[in-house]
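Accompanying notes for the structure given below.
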Amino acid sequence: MSCERVFRPDLKDKPVVVLSNNDGCVVARSNEAKRLGIKAGTPYFQLEQQFPDHKIAVFSSNYELYGELTARVVEIIRQESPTCFRYSIDECFVYFPTWKDSSLSKFPIINCNRSSLPLGGVGGGFHSWGENLHKKIKQYVGMPVSIGIAPTKTLAKTASYFAKRYPGYRHCCLIDSEEKRRKALKLFPIEEVWGIGRRLSVKMKTLGIQTAYDFAQHNGDWVRATFRNIVIYRTWQELNGIDCVPNEEMAKKKSICTSRSFAGMITDLPTLQTYVSNYAARCAEKLRRQGTVCTIVSVFLHTNFFREDLPQYWNSLEKRLAVGTSSTIDIVKAANEVLRSLYVPGYHYKKAGVIVMGIGPDSPLQPDLFDFNADQFQKMKQLDAVIDRINKLNGSETIVLGSQQYTRKEGAGKAEVFANVIKHDFRSKNPTTRWSDIIPLK
DNA sequence: TCTGGGGTCCTAGGACCC
DNA sequence: TCTGGGGTCCTAGGACCC
């Protein structure tokens, strides 16, 4: 949402929403859109019915743009911070070993969230640090960030919630005393707490817990006995100022999934194979990018759950490989094998996906005792490396396997196949990554 | 007509072992 | 009537996150 506004300053203070893949449903909303009552997850077609003559700016997801702009933001945070752990596409945690003046804990944890003064006064050095960071990012990238500073990650997330919503904080909120901690938690609805989701907050409310403060005030033994869940207990500790969520750089993924819903529905195996081949190829790329191989290739397939008038089918199967691989050819082949056993004719399929598991480092590789051709293996590795380079330089999918070509299938008919490729009718341009999209100055 | 995608961790229960 | 105890590993499902 903020990314879309960078190149559309005219949308400042206007309702803006971003849609999921296939322009399916709303996944991000500006504050103005929230105020109109647009709920997260609203299907786009309902949005159109709800606001027929709307003045809402609608965008399809543009991951290329978001990835590029958020990388610039993170780069600046790294310049300004002693340590910075990237937590998600739009969030970082910064760890300050020099925090001394807090009665809560030795170290402040800072949550920078891209995206009136109930807590009272403003702290010293850390607040101006945060304000300057916000200013710099605004100037260099054009994106607003919210900054929360506190002794634990859960409290820092709480602080960034206030920083985002109350302009008085000037984008940076600090929880650095027992008094502010209590005040913040009293104003913080339980369902907003990091780690307390939809189900748990319902349960909490039946137990009379409305705010984060109500929860934090309970006895630790009571929390453990009531929920019998270590994660919830950790959240309780964090709210009470005990830092127990480890500082970790994002580890290598233990499973990698590529899945998509189809714009329409698919009934025939050859078309499904084209899609599954593409998902498998994407998984192989992701494996190589993190320097890993997999030993399990799993494929799932299902019909449209919303179409109660049609027969339903859901299934998934996997293939285990003797030798770990990240080769596109290997993984596409395995995925298609699985798909053939999975496919049942007669259903209208809506979604398929490939998941690779059993992930380990790509070297040293454990070869198959009986069937391993080192020469062939080296060739495949080089081929993949070359394909990755070309696709990086010239845009993804410059080189693909024959089985990945959406137009190739005989009998399917070009129009029919193209009708199924992902829909994104409201995609913005990519002025930071594509020469053809560069903005002309008059 | 149209309803996202990609992850993690924890727990309970079953299979199996000695 | 009587039917061990203790452990590991795997899987499915549920909860959470962005």
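Protein chains get the first letters and strands the later ones, always in sequence-line order, with residue 1 at the start of each.
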Problem set entry | is_close_aromatic(F227(A), W236(A)), centroid dist under 6.0 Å | no
Problem set entry | Aromatic ring of F306(A) stacked on base six-ring of dT3(B), 5.5 Å, 30° | yes
Problem set entry | Consecutive-pair stems (3 or more, Watson-Crick or G-U, under 3.5 Å) for DNA chain B | B:5-18 with C:5-18
Exercise. In whole angstrom, what separates N229(A)'s CG from dC9(B)'s C1'?
Worked result: 10 Å
Exercise. What distance, rounded to whole Å, do you find between the two P atoms, one in dC18(C) and one in dT3(B)?
Worked result: 25 Å
Exercise. What is the ring orientation for Y63(A) with Y66(A), classed by angle as parallel under 30°, tilted 30 to 60°, or perpendicular over 60°?
Worked result: perpendicular
Problem set entry | Along DNA chain B (nearest heavy atom to each residue), the more 5'-positioned of C25(A) and K286(A) | C25(A)
For this session: Find the distance N62(A):CG to dG4(B):P and express it as a whole number of Å.
Result: 20 Å
Exercise. Checking all strands, does K350(A) fall into the base, sugar-phosphate, or nothing category for heavy-atom contacts under 4.0 angstrom?
Worked result: sugar-phosphate
Problem set entry | Whole angstrom value for the distance that separates C1' of dG4(B) from CG of N304(A) | 13 Å
Problem set entry | Main-chain N/O of I89(A) paired with R86(A) side-chain donor or acceptor, under 3.5 Å | yes
Problem set entry | Shortest side-chain distance from V231(A), nucleotide among dT3(B), dG4(B), dC10(B) | dC10(B)
Exercise. Between K351(A) and dT3(B), is there a side-chain N or O to OP1/OP2 distance below 4.0 Å?
Worked result: no
Problem set entry | Candidate nucleotides dG6(B), dC10(B), dT3(B), ranked by approach to the side chain of F45(A) - the nearest | dT3(B)
Exercise. Do K157(A) and Y161(A) have side chains that get closer than 4.5 Å, going by heavy atoms?
Worked result: no
For this session: Can you measure from CD (E318(A)) to OG (S341(A)) and round to the nearest 0.5 angstrom?
Result: 11.5 Å
Problem set entry | Separation of atom CD1 in I359(A) from atom C1' in dT8(B), rounded to whole Å | 13 Å
Seminar exercise, completed: Whole-Å distance, R228(A) CZ to dC10(B) P, equals 18 Å
For this session: Check for a donor-acceptor pair, side chain of K350(A) on one end and backbone N or O of F262(A) on the other, with a separation under 3.5 Å.
Result: yes
For this session: Using only side-chain N and O atoms of T42(A), determine if any of them is under 4.0 Å from OP1 or OP2 of dT3(B).
Result: no
Exercise. Under a 4.0 Å N-O cut-off, is there an ion pair linking R282(A) with E285(A)?
Worked result: yes
Exercise. Checking all strands, does T258(A) fall into the base, sugar-phosphate, or nothing category for heavy-atom contacts under 4.0 angstrom?
Worked result: sugar-phosphate
For this session: May I ask you to say what I230(A) touches in the nucleic acid, namely base, sugar-phosphate or nothing, with a heavy-atom cut-off under 4.0 Å?
Result: sugar-phosphate
Exercise. Going from CD on E192(A) to OG1 on T158(A), what distance comes out if it is rounded to the nearest 0.5 angstrom?
Worked result: 9.5 Å
For this session: Describe the nucleic acid contact of R282(A) in one word from base, sugar-phosphate, nothing, applying a heavy-atom distance below 4.0 Å.
Result: nothing
Exercise. Using a cut-off of 4.0 Å on non-hydrogen atoms, how would the nucleic acid contact of S255(A) be classed: base, sugar-phosphate, or nothing?
Worked result: sugar-phosphate
Problem set entry | L19(A) CG - dG5(B) P separation (whole Å) | 13 Å
Exercise. Any donor-acceptor pair under 3.5 Å linking the side chain of E238(A) with the backbone of V245(A)?
Worked result: yes
Problem set entry | Pair K333(A) + D330(A), salt bridge at N-O below 4.0 Å | no
Problem set entry | Contact letters for nucleotides 11-18 of chain C, in which S counts primed atoms plus P, OP1 and OP2 and B counts the base, heavy atoms under 4.0 Å | S---SSSS
Problem set entry | Ion pair check, R5(A) and E32(A), cut-off under 4.0 Å | yes
Seminar exercise, completed: Ranking dC2(B), dC10(B), dT3(B) by distance to the side chain of R307(A), first place goes to dC2(B)
Exercise. To the nearest angstrom, how far is K254(A) atom NZ from dG6(B) atom C1'?
Worked result: 15 Å
Exercise. Within less than 4.0 Å of OP1 or OP2 of dG6(B), is there a side-chain N or O belonging to S259(A)?
Worked result: yes
Exercise. Expressed in angstrom and rounded to an integer, what is the separation of R260(A) atom CZ from dG6(B) atom C1'?
Worked result: 9 Å
